[in-house]
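Note that this is a predicted model, so its numbers are computed, not measured. Position 1 is the first residue of the sequence, and the numbers go up from there.
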Amino acid sequence: MKIVRNISLVVLLALSGCAMRSDLETVQRDNEELKTRIFRLEKDLGGVRTETKAGIETTLQDFEKERAGARKGLADLQASMDAMKVDLQVMAGKVDDLSLAAKKPAEEVNLLKEDLERRLSSLEERLGAVQKKVTDMETAQAKPPEPATPEALYQKGLDAYRSGNYAGAREAFARFLEQHPKHELAVNAHYWSGEAYYGEKKYEQAVLEFQEVIKNYPGKEKAPAAMLKQAAAFNEIGDLKSARYVLRKLIDEHPSTEEAKRAKERLKALK
């Protein structure tokens, strides 16, 4: 029995030794594999580090170049600005010099200009006064003196009418009637005023002016002429009924006159 136990023990130890060797080999293999993986990782990491470092160095170099270029550009810009400041200072100095040089003559010119303006203003005032005197004298010379007699004033109106100055004629006759309403030529003044209105084609006013003769001086020589011309004025404004009435009245009241004869002819034409 003892021998059997010893054999069993030996067998167990042998088996146990085999098992331990097998495990150890497995562990050793795993360890080697792990080392290999770590080595590879370290190698890869080293490559990454190298590439990263190279990239960083390149980037830094480029940045330094750009910064150097920017510094150079700033330096050139600063130099240009300094040069411009110097040029501006020089120009400002020249302007000041020119201003100082021109200041005295400019002041003298301004004083001279003001003096000339004062003299010119004074001359213009004097010239205006002289022109006014000349105008007044010309007006006084051109304006005819007021006629001294009623007959002269009446003749003035008649002359204006004959020359075609109807407005001037009416003005003269109106002044005559205002100053001499009872004069024997008043009827003629009314009549020729009516003729003047008729000449201006102011037929309504002509009718009224001729009516002054017909109404206020029925027995005068101008009454038949006023009636004939009043009928003509009615005809001009298209009032044929009034024109026929006045012509018939003229024939009835002044049958033996030349105006009555002409009235008959006009009545025939109006029918």
Inset, instruction - Please say which of Glu258, Glu253, His254 ends up in a side-chain contact (heavy atoms from CB on, under 4.5 Å) with Pro224. - result: His254
Is there a path of hydrophobic side-chain contacts, each under 4.5 Å between heavy atoms of I/L/V/M/F/W/Y residues, joining [Y] to [X]?
X: Leu158; Y: Val187; answer: yes
X: Leu208; Y: Leu177; answer: no
X: Val246; Y: Ile237; answer: yes

For [X] against [Y], the heavy-atom pair lying closest together:
X: Leu247; Y: Ala263; value: CD2-CB, 3.7 Å
X: Ser193; Y: Phe173; value: OG-CB, 3.3 Å
X: Glu195; Y: Phe210; value: N-CZ, 3.6 Å
X: Ala186; Y: Pro181; value: CB-O, 3.6 Å
X: Ala243; Y: Ala231; value: CB-O, 3.5 Å
X: Ala172; Y: Gly157; value: CB-CA, 3.5 Å

Rounded to the nearest 0.5 Å, what separation is found between the [atom1] atom of [X] and the [atom2] atom of [Y]?
X: Lys202; Y: Glu200; atom1: NZ; atom2: CD; result: 4.5 Å
X: Tyr154; Y: Glu184; atom1: OH; atom2: CD; result: 10.5 Å
X: Leu185; Y: Lys222; atom1: CG; atom2: NZ; result: 10.5 Å
X: Leu250; Y: Tyr245; atom1: CG; atom2: OH; result: 12.0 Å

Inset, instruction - Check whether NZ of the Lys or CZ of the Arg Lys229 lies under 6.0 Å from the centre of the six-membered ring of Tyr198 and within 45 degrees of that ring's axis. - result: yes
Legend entry - Side-chain donor or acceptor of Gln230 paired with backbone N/O of Val207 under 3.5 Å: yes
Using a 4.5 Å cut-off on heavy atoms from C-beta on, say whether the side chain of [Y] contacts that of [X].
X: Arg266; Y: Asn235; value: no
X: Phe234; Y: Leu240; value: no
X: Ile251; Y: Lys264; value: yes
X: Asp159; Y: Asn165; value: no
X: Glu259; Y: Met227; value: no

Inset, instruction - Might you confirm whether atom CD of Glu221 has over 12 heavy atoms from other residues, nucleotides or ligands at distances under 6.0 Å? - result: no
Inset, instruction - Please determine, by modelled atom types, if His190 and Glu212 share a side-chain donor-acceptor pair under 3.5 angstrom. - result: no
Legend entry - Residues Lys201, Glu236: salt bridge by 4.0 Å N-O rule: no
Legend entry - salt bridge (charged side-chain N to carboxylate O under 4.0 Å, His left out) between Lys261 and Glu265, worked out: CA-CA 7 Å; Lys261 181 179 178 180; Glu265 295 175 354; 5.5 Å; no
Inset, instruction - Please find out if less than 6.0 Å separates the ring center of Tyr203 from that of Tyr197. - result: no
Inset, instruction - Take the angle between the ring planes of Tyr166 and Tyr161 and call it parallel below 30°, perpendicular above 60°, tilted in between. - result: tilted
Inset, instruction - On the 0 to 90° scale, with breaks at 30° and 60°, tag the Phe176-His180 ring pair as parallel, tilted or perpendicular. - result: tilted
